[in-house]
Amino acid sequence: MHKFSIGKSGRRGTSRQFEKVASHLEKQVLLVRRHVRPSNAALAMDPKREECLQCCDQVHGSDLHRCTLQKEKVHCFVFYQMFREKKKRGGGRKSATGYNASFFDIEDYNKVVKKEGLLSEVPVPSDPVGPAVFTACKAMFRLLHKEQVADRKISEHWEGMWQQRFEELEAFVKERKPLQKKQTCQEKIDGEFAPYTIAEKCNKLEELLFQGSVGSHKRTVNAGLRHRFVCACLAAGTLRCESLHRAELSDFFCLITPKKESDVHPVFLMINQIPFGKTTHGNTQRRRATRHKDVRLCPIGALSFCLQCRFRCASEFKNMSLDDWMDNGSWFDVKLLADIVGDASEELTSDSYRDKAKAILQALNLPCDKLLHLGRKLGSKLLDLLEEETKEIKRMGQWSDGAWERAHSSKLPLAPIRKVAGFSKMCFNTRTSIEPPEELLRATPIGAWARDALAAVTEHNMETGKCPAAIAFLQFMCHLNRIFLQDAAATVALHPVRETHPLFGELPVFQEEAWEVRTR
């Protein structure tokens, strides 16, 4: 029997090989996570990373290991970031080959971080950066530290490099902005109370958003209806704007809850799943909303208007065959928010909605510094004004205080859902009881394909038991189609001035004789 043994040199070679494999695996995991991170994270961190590397090249150019993290380098860079003047927005643009702008200013760096001698006093910028820049720096260095540890360039623990040095600096940065506002007598009415003021003008806000969808260009109409839906949906579901922009049509389904004794009509719930979000942490959250008592503020009605216009212009799903519906990959990744031009599977930037919200708030003379979170804050403030319990507002907004609240989102807090939709005691919504005729249901851009597709997929499901997701989605589309006609009829009856909107003039369904008879 042969005996094999490994000497010291053999053990060292094997150890080095395993270390190389481990390093490669660590880097691959970091690379995968970097590719799937949210777009806003990339916008916040990548330019800061590029600026840091440019700083290393220019300040430590003679050092062969100039880009390797060290305590002193990190501290000087963060100190410079916290005490420089705030940069103007939109300074860096990314080309096809990467960032080609010069993010780092060596002269400005030398003014803030003196190379020779000690600082006589701490620099006082006239327009300092806020805590968000400190957080971005910390996140950027944390990721860079992981990459260099995986590459075996450094071995120092993160706590030893960061935490001991920056505790007081972080506290100073958080306290500096309010202190400067007090010293310079800046306005005390800021964005925190703006949602309460906006709550009094919800109808005016919606009206301006609706007017923004009136135009001769199809993209203008589509974008305006999309903005209106986003605002209504965020307010009704207290959802983050980023989660809505990442949402796909396949994330949506509906429920009709049993009526209470006090209800005249059942509650229709629109539910969309949020698998990827800022606070999901691997768990699926769900946003819930019902039809609003006021047709103008209804998020489900707003979605129906938005999608009818979009499907009319882009003809999505119109030519889908049964085989296409059987293949989830052919329709799962279609985004909820999309332009009528371009790839509907690509996530839309939130810039368009933010700019529109800013313009409307300025027109109403209302301050708000959290434009993308306007609807989320507005919905919570509406519930607060309706004296809803704090714990129920937290459940609607999905703000977590502990482990229980992080796993709550599959529950249905019906009390705040009803209240935010305008129903305090009972659900009584007359327009929900009107059933549009078959010819009108088939004459809409959604009904032209959704009803036939649902029938075909349902029949196939009965034979094979497959594709429940397609059935749930198509059922939701059919419900949305009926809601569109109900809300359009209510809009014409209660707000006839809106009948001049291009959507009423362009869609064939509104030229049908059955429509004239029903709305006469």
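Just so you know, these numbers use all the heavy atoms, side chains as well, and skip hydrogens, waters and symmetry mates.
- Rounded to the nearest 0.5 angstrom, F504 CZ and T491 OG1 are separated by 5.5 Å.
- Taken to the nearest 0.5 Å, the OG atom of S213 stands 8.5 Å off from the CZ atom of R498.
- Residue pairs meeting the salt bridge (charged side-chain N to carboxylate O under 4.0 Å, His left out) criterion with at least one partner in residues 297-318, sequence neighbours excluded, are R310-E316.
- Here D355 does not pair with K358 in a salt bridge; the nearest charged N to carboxylate O distance is not below 4.0 Å.
- With a 4.5 Å cut-off on side-chain heavy atoms, C231 and E206 do not count as touching.
- The CE atom of M477 sits 7.5 Å away from atom CZ of F317, with the distance rounded to the nearest 0.5 Å.
- Ring planes of W449 and F311: perpendicular class, angle over 60° (limits at 30 and 60°).
- In this structure, the separation between NZ on K293 and OG1 on T430 is 9.5 Å, given to the nearest 0.5 Å.
- Residues satisfying the ring pair (Phe, Tyr, Trp, His ring centres under 6.0 Å) criterion with F332, sequence neighbours excluded, are absent altogether.
- Residues K218 and V221 have side chains not in contact (no heavy-atom distance under 4.5 Å, counting atoms from C-beta outward).
- In terms of modelled atom types and a separation under 3.5 Å, the side chain of T500 and the main chain of V497 share a donor-acceptor contact.
- Here the side chain of D324 pairs a donor or acceptor atom with the backbone of S321 at under 3.5 angstrom.
- Residue pairs meeting the ring pair (Phe, Tyr, Trp, His ring centres under 6.0 Å) criterion with at least one partner in residues 415-444, sequence neighbours excluded, are H265-F428.
- Formation of a donor-acceptor pair under 3.5 Å by the R482 side chain with backbone atoms of P436 is not found in this model.
- Not one N or O on the side chain of K335 forms a donor-acceptor pair closer than 3.5 Å with the backbone of A247.
- In this structure, the side chain of T290 engages the main chain of F268 through a donor-acceptor pair within 3.5 Å.
- In terms of modelled atom types and a separation under 3.5 Å, the side chain of R176 and the main chain of V129 share a donor-acceptor contact.
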Next on the checklist: With side-chain contact (heavy atoms from CB on, under 4.5 Å) as the criterion, how do H501 and F210 come out once you've worked through the C-alpha distance, each side chain's angles and the decisive distance to 0.1 Å?
Outcome noted: CA-CA 9 Å; H501 189 275; F210 187 83; 3.6 Å; yes
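- Between the side chain of N272 and the backbone N or O of D251, no donor-acceptor pair lies under 3.5 Å.
- If you take CD on Q273 and CZ on F252, they are separated by 10.0 Å, rounding to the nearest 0.5 Å.
- For H292, the ring pair (Phe, Tyr, Trp, His ring centres under 6.0 Å) test picks out no residue, with sequence neighbours left out.
- Counting only heavy atoms from C-beta outward, the side chains of I483 and R431 never approach each other to under 4.5 Å.
- Judged as a side-chain contact (heavy atoms from CB on, under 4.5 Å), and not counting sequence neighbours, the contacts of R451 are E438, L441, R442, C478.
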Using a 3.5 Å cut-off and no angle test, enumerate the donor-acceptor pairs between side-chain atoms of residues 298-309 and protein atoms at least two apart in sequence or in another chain.
unit_1 : atom_1 : unit_2 : atom_2 : d
S304   : OG     : G301   : O      : 2.5
Q308   : OE1    : I446   : N      : 3.1
Q308   : NE2    : N481   : OD1    : 3.0

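- Taken from CG in L205 to CD1 in I360, the straight-line distance is 6.0 Å, to the nearest 0.5 Å.
- Put simply, the side chain of Q475 never gets that close to the backbone of C254: no donor and acceptor are under 3.5 Å apart.
- Side-chain contact between F473 and V457: absent, with no pair of heavy atoms (C-beta onward) separated by less than 4.5 Å.
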